[in-house]
Amino acid sequence: METFKVEAVVDGNTFEVSPPWEFNGETGNLVQAIGYTAPKSGKGAVAAEQRLSILMQNKNVELESPQGIEGGRLLCKVFFQGVNLADYFSAYKEQNDEAIEEVEE
């Protein structure tokens, strides 16, 4: 795993890193953590962004298992202090979304 410093938080699961990452011949600074989906609007979005900022701003993270690039963001698993970032945001984990959909049907 490569180590990167979190320079800025964009939203609840997207942030800017340095140095730039490289994947399949492309480079960039934006990373979107996979494994959870943070809200994109409303109070939940603000809370997730603030939590991510407090947790990781100016800290080192490790990027693993890149899934691709979407909108200039590297989609990958992110580890902070040896723990998958998705575990810090368990309320937004992807399998929880699937369980909610099943209950609503």
Side-chain angles (χ1 to χ4, degrees):
M1 285 192 279
E2 284 191 70
T3 301
F4 297 84
K5 181 179 178 185
V6 176
E7 297 291 341
V9 172
V10 176
D11 62 30
N13 63 339
T14 307
F15 50 91
E16 187 177 324
V17 296
S18 68
W21 47 259
E22 293 182 27
F23 179 71
N24 285 347
E26 294 189 48
T27 61
N29 291 65
L30 289 178
V31 173
Q32 181 174 332
I34 60 173
Y36 73 101
T37 304
K40 296 295 183 197
S41 62
K43 291 179 183 178
V46 173
E49 181 179 339
Q50 287 176 342
R51 183 171 182 196
L52 187 63
S53 184
I54 290 167
L55 185 67
M56 295 183 8
Q57 185 75 39
N58 296 316
K59 306 263 177 44
N60 290 328
V61 295
E62 295 175 325
L63 307 182
E64 184 179 291
S65 305
Q67 303 294 307
I69 299 170
E70 185 177 293
R73 300 168 302 201
L74 180 67
L75 308 177
C76 63
K77 291 181 182 178
V78 177
F79 288 84
F80 175 66
Q81 297 180 339
V83 177
N84 189 327
L85 187 58
D87 292 338
Y88 287 97
F89 291 87
S90 58
Y92 305 127
K93 275 191 165 179
E94 290 172 355
Q95 63 263 26
N96 289 347
D97 293 342
E98 292 169 10
I100 290 168
E101 288 173 13
E102 288 174 15
V103 171
E104 290 175 350
E105 291 179 0

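Along the sequence shown, residues are numbered consecutively beginning with 1.
Within 6.0 Å of the CD atom in Glu22, the count of heavy atoms belonging to other residues, nucleotides or ligands does not exceed 12.
No side-chain heavy atom of Lys77 sits less than 4.5 Å from a side-chain heavy atom of Leu85. Side-chain contact between Val31 and Leu63 is present, with at least one heavy-atom pair separated by less than 4.5 Å. In this structure, the side chains of Phe79 and Glu64 come closer than 4.5 Å at one or more pairs of heavy atoms. Taking the side chain as every heavy atom from C-beta outward, Asn13 and Tyr92 never approach each other to under 4.5 Å. Counting heavy atoms from C-beta outward, Arg73 and Val10 have side chains that stay 4.5 Å or more apart.
Grouping the Ile, Leu, Val, Met, Phe, Trp and Tyr side chains by contacts below 4.5 angstrom, directly or via other members, places Leu75 apart from Trp21. Under the 4.5 Å side-chain heavy-atom criterion for ILVMFWY residues, a single connected hydrophobic cluster contains both Val78 and Phe23. A single hydrophobic cluster is not seen to contain both Met56 and Ile54; linkage of ILVMFWY side chains at heavy-atom distances under 4.5 Å, directly or through other members, places them apart. Tracing side-chain contacts under 4.5 Å through hydrophobic residues (I, L, V, M, F, W, Y), one reaches Ile69 starting from Phe15; they form part of the same cluster.
The structure places CG of Leu52 at 9.0 Å from CD of Gln57, a figure rounded to the nearest 0.5 Å. The distance from the CG atom of Asn58 to the CD atom of Glu7 is 6.5 Å, given to the nearest 0.5 Å.
Panel note: side chain Asn29, backbone Val17; a donor-acceptor pair is recorded below 3.5 Å. Looking only at distances, no side-chain donor or acceptor of Gln32 sits under 3.5 Å from a matching main-chain atom of Leu30. Panel note: side chain Glu16, backbone Val6; no donor-acceptor pair is recorded below 3.5 Å.
What you find for Ala48 and Pro39 is that their closest heavy atoms are CB-CD, 4.3 Å. Nearest heavy-atom pair, Cys76 versus Pro66, reported as atom, atom and distance to 0.1 Å: CB-CA, 3.7 Å.
With sequence neighbours excluded, no residue forms a ring pair (Phe, Tyr, Trp, His ring centres under 6.0 Å) with Phe4.
Within the structure, ring-ring contact (aromatic ring centres under 6.0 Å, His included) pairs that include any residue of residues 31-75 comprise Tyr36-Phe89 (at least two apart or interchain). Within the structure, salt bridge (Lys or Arg N to Asp or Glu O under 4.0 Å) contacts touching residues 27-42 (residues at least two apart or in different chains) are Asp11-Lys40.
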